There are 2 protein chains.
Amino acid sequence: MPNNQFKKSELYSFITGKASTAIARRLQKNFKQNGIDITIEQWSVLYHLWKEDGLSQQQLCDATFRDKPSITRLVDNLEKLQLVKRVASKDDRRINMIYLTPSAQELQAQSMELANQTLNEALEGVTHGQVEIAKEVLQKVYENLS
Amino acid sequence: MPNNQFKKSELYSFITGKASTAIARRLQKNFKQNGIDITIEQWSVLYHLWKEDGLSQQQLCDATFRDKPSITRLVDNLEKLQLVKRVASKDDRRINMIYLTPSAQELQAQSMELANQTLNEALEGVTHGQVEIAKEVLQKVYENLS
DNA sequence: GGCATATAGTTGTTTAAGCAACTATCTAAA
DNA sequence: TTTAGATAGTTGCTTAAACAACTATATGCC
């Protein structure tokens, strides 16, 4: 069978993304049970700011694979929760730099721990080699469509 | 390294599901370009009805991995588009059986062709063996969390 | 300098997800 | 047969995605 020929039914789960949905739900549940009151989408923005604080909204778009309106509203909500602050750039007045507040910094350790724990639950019984291949496939899919 | 120990950064893409999002977006785009005016979520409901017409909403919940309110509203919208009809079950009056209309039946061939084409675009350069492993991993993740 | 174009971000609208609370119907057990 | 509990579906609310249309600022070219 050629590489790019598959049966419909086998591939449907790739489209619906059951697995990534399930991980997101479990992580959300784990957050809730531990008193972390943010959504996964909000967390995914914070995640990139923990890696590098002071990103612009456009950089957050690229990092999170979301469009500009989505980031505008996620930042709106994160600002309401007092987890980030918009700071207008002095060099380029079109740009908002997004900075973490102290409360957001406090969330980092616990939420990353929960994220790791969730992934370990999800990948129970899956070998490292299998995960590596799955990651390669997903990365390739992403590249093919970008 | 034990099977269930991974570095954070490596696994982040599992949570965000970039790949499945990218496939869904591409499929939506391909639908639009071919004049098919339904959402991917609506299509995923039709997909199961094409396999077996006359499923209950609860069966659609299980099949599509969505909760009951989501299916209620997807069926609402599909009914507005005159693609499905709710028919109250005679055996159990709590149950709505969902039936395809002729217009929905007409959509099947073309939309399944576009779905296959989209998956082939997505999986360009990925071997059948790699896809099999990726599918196993995703299935296992789903099972671990269900 | 002035104008076309590109870039950063916002707003409006529709569709959907997730959760809780609700109604209606069915089932099983006292 | 009545009543408690389970099941099927709906509604309300908040958050988010996708897309188009918009404002404001910056850049590059004449």
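Here the structure is a predicted model, which is why all the values come from computation and not from measurement. Excluded from the calculations below are hydrogen atoms, water molecules and symmetry mates; all remaining heavy atoms, backbone and side chain alike, are included. Here is the naming used below: chain letters follow the sequence lines, and residue numbers restart at 1 for every chain.
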Regarding the side chain of E41(A), the nearest nucleotide among dA18(D), dA16(C), dA17(D) is dA17(D)
To the nearest 0.5 Å, how far apart are [atom1] in [X] and [atom2] in [Y]?
| X | Y | atom1 | atom2 | value |
| --- | --- | --- | --- | --- |
| Q59(B) | H48(B) | CD | NE2 | 11.5 Å |
| C61(A) | D67(A) | SG | CG | 7.0 Å |
| K18(B) | L138(A) | NZ | CG | 9.5 Å |

How close or far is atom [atom2] of [N] from atom [atom1] of [X], stated in whole angstroms?
| X | N | atom1 | atom2 | value |
| --- | --- | --- | --- | --- |
| K90(B) | dT25(C) | NZ | P | 17 Å |
| L74(A) | dA16(D) | CG | P | 5 Å |
| N77(A) | dC13(D) | CG | P | 18 Å |
| L60(A) | dA17(D) | CG | P | 13 Å |

Using a cut-off of strictly less than 4.0 Å between a heavy atom of the residue and any atom of DNA chain D, enumerate the qualifying residues of residues 25-40 of chain B by number.
-> R25(B)
Quick one: which protein N/O atoms are closer than 3.5 Å to N/O atoms of nucleotides 1-4 of chain C? Pair and distance per line, please.
none

Using every non-hydrogen atom in the two residues, find where [X] and [Y] come nearest and quote the distance to one decimal.
| X | Y | result |
| --- | --- | --- |
| L100(B) | Q105(B) | CB-NE2, 4.0 Å |
| R66(B) | S44(B) | NH1-OG, 2.9 Å |
| A104(B) | W50(B) | O-NE1, 3.2 Å |
| E41(B) | L74(B) | CB-CD2, 3.8 Å |
| I23(B) | T118(B) | O-CG2, 4.0 Å |
| L49(B) | I98(B) | CD2-O, 3.6 Å |

Using links of under 4.5 Å between side-chain heavy atoms of ILVMFWY residues, direct or through other members, which residues join F65(A) in one cluster?
-> Y142(A)
Cluster companions of M97(B) among Ile, Leu, Val, Met, Phe, Trp, Tyr (side-chain spacing under 4.5 Å) | V87(B), I95(B), Y99(B)
Given dA16(C), is OP1 or OP2 found less than 4.0 Å from the side-chain N or O atoms of R66(B)?
-> no
Give a yes/no on whether any side-chain N or O of S70(B) is located under 4.0 angstrom from OP1 or OP2 of dA16(C).
-> no
Per nearest nucleotide of DNA chain D, the residue lying toward the 5' end, R93(A) or F65(A), is F65(A)
Electrostatic pair E121(B):R26(B) at N-O distance under 4.0 angstrom = yes
May I ask you to decide whether E79(B) forms a salt bridge with K85(B), counting only side-chain N to carboxylate O separations under 4.0 Å?
-> no
Reading nucleotides 5-13 of chain C 5' to 3', which nucleotides get B (base under 4.0 Å from a protein heavy atom), which S (sugar-phosphate only), which -?
-> -BBBBBBBB
Considering only nitrogen or oxygen atoms on both sides, find all protein atoms under 3.5 Å from nucleotides 2-4 of chain D and state each distance.
none

